[in-house]
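For reference, the structure is listed below as C-alpha cells.
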Amino acid sequence: MLTRSEEGRVPPPVAVPETYGEWRARFPELHQFLGGWFSQDLPDEFEDHSSAVRDYAGSVAPTVLARLAGEVAELLALGLEEVDYAVAVAELGMEVEPPDPYTASGWLAVVAGLLAGPRAEYDRGGE
C-alpha cells in the first residue's frame, strides 16, 4: 500500500519528488531507515554508519530489507545532481552527514552494497 502525499496524491514513478510528503510517499522504507537509524543520536547508538546499516538489516524481515534495497536503487536511478541527493536524504529523515569521504549518492551506493551482502539471521518469533 502506498502512502499518499499531503495533497492526497501519490507521485508517478518517473517524477522526482518535490515536497516532503512526496519524498516520503515515494520512498516509505527509506524514510523509516534514514529517519530511524540516522538521527542526531547516531553517534550515541552506533559505532559508525556501517554498524547502523547492519543493525537495521539484522532487525527487519527479509522482505522489508528487499524493499529498502529496491528503494535505494530507485533513488539512485533518478540520476539527480549531488545537491539534490543531499536534499533527498534530508527530506527522508537523515539528520547526520554521510561518513567521510562520501557524498549522499556515494554513501547510498555503499548502503546498496551493504544491503546486497550476506544477511544477518532474522528472528521470526518462533517460526
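Quick caveat: nothing in here was measured; it's all calculated off a predicted structure.
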Residues that [X] engages under side chain to side chain donor-acceptor pair (under 3.5 Å), provided they are two or more places apart:
X: Asp41; value: none
X: Glu82; value: Thr103, Ser105
X: Ser51; value: Asp48

Which heavy atom in Pro17 sits nearest to a heavy atom in Leu78, and how many Å separate them?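 Heavy atoms only, the tightest pair is CD-CD1, 4.5 Å.
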Under 3.5 Å donor-acceptor pairs involving side-chain atoms of residues 28-38, not counting sequence neighbours:
unit_1: Glu29; atom_1: OE2; unit_2: Tyr56; atom_2: OH; d: 2.6
unit_1: His31; atom_1: NE2; unit_2: Arg24; atom_2: NE; d: 2.8
unit_1: Trp37; atom_1: NE1; unit_2: Asp55; atom_2: OD2; d: 2.8

Taking everything shown except Glu47 itself, do over 12 heavy atoms lie less than 6.0 Å from its CD?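 Atom CD in Glu47 is not packed in, count stays at 12 or less.
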So for atom CZ, which belongs to Phe46, do other residues, nucleotides or ligands contribute more than 12 heavy atoms lying within a distance under 6.0 Å?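 More than 12 within 6.0 Å, yes.
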Name the atoms and distances for all side-chain donor-acceptor pairs under 3.5 Å in residues 83-96, with sequence neighbours left out.
unit_1: Tyr85; atom_1: OH; unit_2: Leu75; atom_2: O; d: 3.2
unit_1: Tyr85; atom_1: OH; unit_2: Leu76; atom_2: O; d: 2.9
unit_1: Tyr85; atom_1: OH; unit_2: Gly79; atom_2: N; d: 3.2
unit_1: Tyr85; atom_1: OH; unit_2: Leu80; atom_2: N; d: 3.3
unit_1: Glu95; atom_1: OE1; unit_2: Gln40; atom_2: N; d: 2.9

Would you say the side chain of Glu74 lies within less than 4.5 Å of the side chain of Arg26, judging by non-hydrogen atoms?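 With C-beta onward as the side chain, the pair touches.
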